[in-house]
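Written below as structure tokens is the structure these notes are about.
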Amino acid sequence: MDGTIGDVYNKEVHRWRTGAAITWAVITVPIILSGYVTLAHLDVSHPSQWISGSLSLLFSVYYLLMCVVVIFLTGLWGSFSLPTFIVEPEVYSNPLQLTASMCSPQKLLFGVVCVLLSGVTSLLCTGILDGRYQDLTVCTNRDFCVLNEHHLFLVTYGCYTGAVFYLFHFLRQNNYLQFTSLQQSKYFQVRSGILRVLQTSLHCVLWQTAYFYPLYWLFGHIPTEWIVHSLGLRRSTLPVDSVYGLLDLPLLWQSVLCGLLVHVSWSLTTLLIKVYITERFCFPIESMLDDRKNQCLIDALQCDQNPVVKYLGYLDLCLLSKHSPERRRTVFSLSQPGGHPHNWSKLSTSCLSAITALSGRIQDANWQVFSQASVRQANDDIKKSATSHQGSTLTYRGDSVKKDTTTPQPAKNGSSFWKTKPVISYFLTEFPDAKSRKLFASAQLDIWAVEALCNLVAASFREDNYGVVQKTLPQILTSVIKLQENVEKHLKLVSSGRRNGGRGSLDLPLKYVLHSSLKSCIYRIINVFRAHLLNLDLPSDTSYKLKLFMDFKE
């Protein structure tokens, strides 16, 4: 089959996975809607009427039509949300960069879709409620119509819910695909995530409602007056955008339920998409078919055009190094004819390239942090010296001469000038620990690469019949130990007080997971090879560090 591995994966795997996720999402819509209808007509004082009325509504024609439309809207939202999912967390340097990213055309289009679909969903919800919320206008016995502000309030709240969900989708990194080495069936992953979806949705709805009410009190007259003047209507004697009008508990209850309907259905769709996309995919290590030559595991590891394929490739390599003796034997095998370890050479080279690249970036960042700290210290020393000698008096041939030794202030550039302005300085101020978080944003790949290499090296002690791993063992140990040193230095250079800058971010633990994974992998190799490692031809600094690990001093 022609095409790259990314194209083949999109056609043969990705479409089926996302299609299945959206299908299961729309299947759950009738269940969510039945719960909404039941709670929307809650009547504790008359439970029998409440139950009978809810059952009659659940079998009504309008409810069936509403189910069909909401199913279509949910599937449409799921289709529009697919391009927003990412495998590497987005890390922004300052609020200005965050704002610019949220205003990108792709994200703005998704935001408009969220607002429109949520508004239509809330409009459908008003039709299934009683007459107080159903229609936009209420005609009296006289010759004029009055605007039904309760209806307008719920529809406006629905549009507002879509805007809030759009913001949370990106700001809370709900679009971040987290791959896990602990493989569970999709059923258990979804079942364990449903409770979290309900809790998060309730928290978001209560949070957004607490902000919506004061906003509607301040600006609710704008859409109300516009509709009244455009349609020639009259306002009710008790406007909803007043303090007394907002103190309406049934209206609050309907608003919360409408928000929960949108949040739960869309959050559940997000959960299903994540579960299906991050499911393990086993790539062939080698292929005898000519049309499948470029669709093996090594091609997945080098697939830069489709990050999902690359992450699934490294995940598959990590898992096979732990749990697949048959596939490990294929990795350690020799090519026929020729007797060359092509599989091991390609896989190890790809992993070592990723490890070396990250180690180099961390080393450069460490030097930059160290140099900045040295410059700040030097500037402080100069300021102290200049202050102590400022205005000193010199005597020359009996005359007193006052010498000004004040250090000249550097001229401010454009960036420094704008940083002095209060509002602008907020958008230009760098987030704490932003550079460090950016550095380790893609560390998940390196965690899998390190674990895969070290697990294969440990397994090769008994399974490598041809000794293909031993040739590259010094290079692997040198690269892993060097990366461990650079990561440890970086964690020491980055002050602990700045780590709270990314609090709540899903990418924050990556650097610490990488650090612990490096140590455990080194100890795993030492426990297998033990004293045999001392016979390897290693650089002096690597040998010294390895000796510390062997003596359990690290």
Side-chain angles (χ1 to χ4, degrees), residues 181 298 301-302 313-322 328 331-332 341 343-366 439-440 442-464 467-493 509-554:
S181 299
I298 182 59
L301 301 183
Q302 299 173 352
Y314 274 97
L315 175 62
D316 183 38
L317 179 62
C318 180
L319 293 177
L320 80 84
S321 67
K322 295 179 181 178
R328 286 201 299 264
V331 173
F332 299 143
N343 294 331
W344 167 252
S345 298
K346 293 178 181 178
L347 294 176
S348 61
T349 301
S350 180
C351 293
L352 286 174
S353 299
I355 293 173
T356 305
L358 178 63
S359 182
R361 293 196 301 269
I362 297 175
Q363 187 174 8
D364 294 340
N366 291 345
L439 191 62
F440 291 92
S442 61
Q444 184 61 69
L445 286 180
D446 302 279
I447 293 172
W448 287 332
V450 170
E451 291 183 352
L453 277 181
C454 294
N455 287 327
L456 288 173
V457 168
S460 69
F461 189 77
R462 296 181 180 276
E463 301 176 10
D464 184 11
V468 298
V469 176
Q470 276 68 29
K471 295 181 180 180
T472 54
L473 183 55
Q475 184 181 2
I476 293 173
L477 278 175
T478 302
S479 300
V480 172
I481 290 178
K482 185 177 180 181
L483 178 59
Q484 191 273 335
E485 287 181 335
N486 289 329
V487 172
E488 193 167 12
K489 289 178 182 178
H490 184 82
L491 294 180
K492 292 178 180 178
L493 285 174
L510 286 177
K511 66 178 82 171
Y512 306 108
V513 174
L514 176 61
H515 182 245
S516 61
S517 178
L518 286 166
K519 279 193 171 183
S520 62
C521 288
I522 294 173
Y523 279 120
R524 186 177 302 120
I525 295 177
I526 291 174
N527 290 335
V528 172
F529 287 89
R530 298 187 183 274
H532 297 287
L533 297 176
L534 299 177
N535 299 325
L536 297 177
D537 185 15
L538 299 173
S540 57
D541 54 344
T542 304
S543 299
Y544 174 75
K545 192 74 174 180
L546 182 62
K547 189 66 169 58
L548 293 178
F549 275 100
M550 296 181 70
D551 296 336
F552 298 98
K553 294 181 179 180
E554 280 289 336

Determine the minimum heavy-atom distance between Val487 and Lys511, stating which atoms define it. CG1-O, 4.2 Å
side-chain contact (heavy atoms from CB on, under 4.5 Å) partner of Ser543, the single match among Thr478, Leu538, Leu534: Leu538
Is Thr349 reaching over with its side chain to a backbone N or O of Lys346, donor-acceptor style, under 3.5 angstrom? no
Is the side chain of Ser359 donor-acceptor paired with the backbone N or O of Ile355 at a distance under 3.5 Å, no angle test? no
Donor-acceptor pair, distance only, cut-off 3.5 Å: does the side chain of Asp537 make one with the backbone of Pro474? no
Is there a donor-acceptor pair under 3.5 Å between the side chain of Asp464 and the backbone N or O of Val469? yes
Any side-chain heavy-atom pair of Lys482 and Thr542 under 4.5 Å: no
Side-chain heavy atoms of Asn343 within contact of Ile298, under 4.5 Å: no
Just verifying a value: how many Å separate Asp541 CG and Tyr544 OH, rounded to the nearest 0.5 Å? 11.0 Å
Which atom names give the shortest non-hydrogen contact between Cys454 and Cys521, and what distance separates them? SG-CB, 3.3 Å
For Ile481 and Ile522 the tightest heavy-atom approach is CG1-CD1, 4.0 Å
Side chains of Leu320 and Asn455, heavy atoms from C-beta outward: is any pair under 4.5 Å? no
Find the distance between CE (Met550) and CZ (Arg530) and round it off to the nearest 0.5 Å. 9.0 Å
Is the number of heavy atoms from other residues, nucleotides or ligands within 6.0 Å of NZ (Lys547) greater than 12? no
For Leu301 and Leu317, work out which heavy atoms get closest and say how close. CD1-CD2, 4.0 Å
More than 12 non-hydrogen atoms from neighbouring residues, nucleotides or ligands closer than 6.0 Å to NZ on Lys489, yes or no? no
What verdict does the side-chain contact (heavy atoms from CB on, under 4.5 Å) test give for Tyr512 and Leu491, after you've listed the backbone C-alpha separation in whole Å, the side-chain angles of each residue and the deciding distance to 0.1 Å? CA-CA 8 Å; Tyr512 306 108; Leu491 294 180; 3.8 Å; yes
Indicate yes or no: at least one non-hydrogen side-chain atom of Leu456 is less than 4.5 angstrom from one of Leu347. no
Does Asp446 form a side-chain contact (heavy atoms from CB on, under 4.5 Å) with Phe440? I'd like the steps, not just the answer. CA-CA 9 Å; Asp446 302 279; Phe440 291 92; over 6 Å; no
Taking the six-membered ring for Trp, are Tyr523 and Phe552 parallel (under 30°), tilted (30 to 60°) or perpendicular (over 60°)? parallel
Nearest 0.5 angstrom please: Leu483 CG to Leu518 CG, how far? 4.5 Å
State the NE2-CD1 distance between His532 and Ile526, to the nearest 0.5 angstrom. 13.5 Å
Between Thr472 and Val457, does the side-chain contact (heavy atoms from CB on, under 4.5 Å) criterion hold? Intermediate values first, please. CA-CA 9 Å; Thr472 54; Val457 168; over 6 Å; no
For the student: nearest non-hydrogen atoms of Cys351 and Ala449, plus distance: CB-CB, 4.0 Å
Minimal heavy-atom distance between Ser348 and Ser345, with the atoms involved, is OG-O, 3.2 Å
Side chains of Ser460 and Trp344, donor plus acceptor under 3.5 Å: no
In terms of heavy-atom contacts, does NZ of Lys545 have more than 12 from other residues, nucleotides or ligands at under 6.0 Å? yes
Ser517 and Glu451 side chains, donor-acceptor separation under 3.5 Å: yes
Does the side chain of Leu358 reach to within under 4.5 Å of the side chain of Leu514, using non-hydrogen atoms? yes
Where do Phe529 and Leu473 land on the side-chain contact (heavy atoms from CB on, under 4.5 Å) test, with the steps shown first? CA-CA 11 Å; Phe529 287 89; Leu473 183 55; 4.2 Å; yes
